[in-house]
Number of protein chains: 2
Amino acid sequence: MADDRLSVIFAALADPTRRAILARLAEGDATVTELAEPFAISLPAISRHLKVLEQAGLITRSRSAQWRSSSLNPEPLREATVWMERYRQFWDTNFDRLDAHLKRMQTQTERNEK
Amino acid sequence: MADDRLSVIFAALADPTRRAILARLAEGDATVTELAEPFAISLPAISRHLKVLEQAGLITRSRSAQWRSSSLNPEPLREATVWMERYRQFWDTNFDRLDAHLKRMQTQTERNEK
DNA sequence: CCTATGTTTAACGCATTCGTTAATTAACGA
DNA sequence: TCGTTAATTAACGAATGCGTTAAACATAGG
């Protein structure tokens, strides 16, 4: 994987387990064990996923006694979205075209039904 | 890599060469050779990148004689953004300002094009 | 100090990714 | 038909990703 920031962010998001972890953290901070609970994979595997998310800046971590709490940091998601914004105009216009197309189809169908 | 749709999309975006190809295609369709030109990598490597982008649905391809033209399909970017929208509420308050800024930019661009 | 609990690190295997060069396929055009 | 151009496929190697189990580390608390 390339080591530029956006690549690291997208690569971190390219795993469903990691996206699920982010979804869980959106509901509140959690320890490693809590985060691991819904998954059928080992604790070390979760630990690695957290490291990936941390390196992408998507989570921050704090220690309290032997527990390490993770919390969501959505800033990289904003960065990723900013990058995609360049294409928004593109997809909006495509949608307009698709929408118009669908409307024409509908009109045609209605005519055929009469 | 997991084979769910979002994972495939994010994985496709996790490579700077592929993102550069998308950026180029935003300016208009191009052949494989044209797309390869800015990069110091071989044509087969570009061909593979295009395959990855195609499988992610980010480009569509057409053939005319011996040239294969690629064109941007931004729909998967919309999907990725939709996924990220869930986290928008967590984003930096600066984001609202940025978003407003981007919207203004777009409106301005649209005006300029008329 | 010893043990239990939470988490990470080490060491390994397997699959995938990304690049290469060489060979192959496809289509045009003299 | 033959040579040229465009692109893909084949075959290979090095690096990375993701999982495992076993061992190590860190802290609380009797």
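Naming: A, B, ... by sequence-line order, numbering from 1 per chain. These figures come from a predicted structure and were not determined experimentally.
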Is any side-chain heavy atom of [X] closer than 4.5 Å to a side-chain heavy atom of [Y]?
X	Y	result
A/R61	A/L53	no
B/L58	B/L13	yes
A/W67	A/T33	no
A/F39	A/I21	yes
A/I46	A/V32	yes
A/W83	B/R19	yes

Quick one: does A/Y87's side chain have a donor or acceptor within less than 3.5 Å of a partner on B/A23's backbone?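 Yes: the side chain of A/Y87 pairs with the backbone of B/A23.
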What are the atom names and distances for every N/O pair under 3.5 Å that joins the protein to nucleotides 27-30 of chain D?
unit_1	atom_1	unit_2	atom_2	d
D/dT27	OP1	A/R63	NH1	3.3

Find the distance [X]:[atom1] to [N]:[atom2] and express it as a whole number of Å.
X	N	atom1	atom2	value
A/L53	D/dG17	CG	C1'	14 Å
A/D29	C/dG6	CG	P	18 Å
A/H49	C/dT9	NE2	C1'	16 Å

Just checking, is any N or O donor in the side chain of B/T81 or A/R88 under 3.5 Å from an acceptor N or O on the other one? no
Between the protein and nucleotides 8-13 of chain D, which nitrogen or oxygen pairs come in under 3.5 angstrom?
unit_1	atom_1	unit_2	atom_2	d
D/dT8	OP1	B/R61	NH1	3.1
D/dT8	OP1	B/R61	NH2	2.7
D/dT8	OP2	B/S47	OG	2.4
D/dT8	O5'	B/S47	OG	3.2
D/dT9	OP2	B/K51	NZ	3.3
D/dA11	N6	B/R48	NH2	2.9

Residues from residues 34-41 of chain B lying under 4.0 Å of DNA chain C - heavy atoms: B/A40, B/I41
side-chain hydrogen bond (donor to acceptor under 3.5 Å, both in side chains) contacts touching residues 44-58 of chain B (sequence neighbours left out): B/R18-B/H49
Atom CG in B/L22, atom CE in A/M84: separation rounded to 0.5 Å?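 The distance works out to 10.0 Å.
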Can you tell me if the side-chain N/O atoms of A/T33 get under 4.0 Å from OP1 or OP2 in C/dG6? no
Might you point out which heavy atoms bring B/P76 and B/I9 nearest each other, and give the distance in Å? CB-CD1, 3.6 Å
Name the pairing partner of C/dA30, where a pair is Watson-Crick or G-U wobble with both distances under 3.5 Å, or state none. D/dT1
Sorted by chain and number, sequence neighbours left out, side-chain contact (heavy atoms from CB on, under 4.5 Å) with A/S71 holds for A/D29, A/T60
Residues of residues 19-28 of chain B with a heavy atom under 4.0 Å from any atom of DNA chain D, listed by number, are none
Could you walk me through whether B/L35 and B/L25 pass the side-chain contact (heavy atoms from CB on, under 4.5 Å) check? CA-CA 8 Å; B/L35 289 172; B/L25 290 177; 3.8 Å; yes
